[in-house]
Amino acid sequence: MRWFKPLGLIFIPVSFAGWLVTLLATAFCLHIFMFVDARSHSVSDTLYGIFPYWVPTFLLWAWIASRTDGNTSARN
């Protein structure tokens, strides 16, 4: 099943499931940003606050995208 299409180093969602995963990850990151930014005093506070949430979210998204890009020969 192909959810994403590789385009260089990034992945483009090509199915409903791919768009759903992308939108959920984006909504989660936006929610975390708004929560952390409301309680931060500086840009560095915000960056330190979102880092532990954004990095695992984007790594999970990239892992899902790479596993569902339809290219099985790259994993063998």
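- Of all heavy-atom pairs between Gly18 and Pro13, the closest is C-CB, 3.6 Å.
- Listed by chain and number, the hydrophobic cluster partners of Phe51 are Val55, Leu59, where partners are ILVMFWY side chains within reach of under 4.5 Å, directly or through others.
- Contact record, Val36 with Gly49: CG1-CA, 3.7 Å, taken as the closest heavy-atom pair.
- You'll find the side chain of Cys29 stays beyond 4.5 Å of the side chain of Tyr53, heavy atoms only.
- Here side-chain hydrogen bond (donor to acceptor under 3.5 Å, both in side chains) pairs that include residues 1-13, with residues two or more places apart or in two chains, number zero.
- Evaluation of the side-chain hydrogen bond (donor to acceptor under 3.5 Å, both in side chains) test over residues 40-51, restricted to residues two or more places apart or in two chains, returns Asp37-Thr46, Ser40-Thr46, Ser42-Ser44.
- Every residue meeting the side-chain hydrogen bond (donor to acceptor under 3.5 Å, both in side chains) condition with Thr22, not counting sequence neighbours, appears here in chain and number order: Trp61.
- Using a 4.5 Å cut-off between side-chain heavy atoms of Ile, Leu, Val, Met, Phe, Trp and Tyr, with links allowed through other members, Phe58 and Ile32 fall into the same hydrophobic cluster.
- With hydrophobic clusters built from ILVMFWY side chains whose heavy atoms lie under 4.5 angstrom apart, Phe11 does not share a cluster with Val14.
- Annotation for Phe33 and Ile50: closest pair CA-CG2, 3.9 Å, computed over non-hydrogen atoms.
- If you chain together ILVMFWY residues whose side-chain heavy atoms come under 4.5 Å of each other, Leu20 ends up grouped with Phe16, Leu24.
- Partners of Trp54 by side-chain hydrogen bond (donor to acceptor under 3.5 Å, both in side chains), not counting sequence neighbours: none found.
- Heavy atoms only, all atoms of each residue included: Ala65 and Phe4 are closest at CA-CD1, 3.4 Å.
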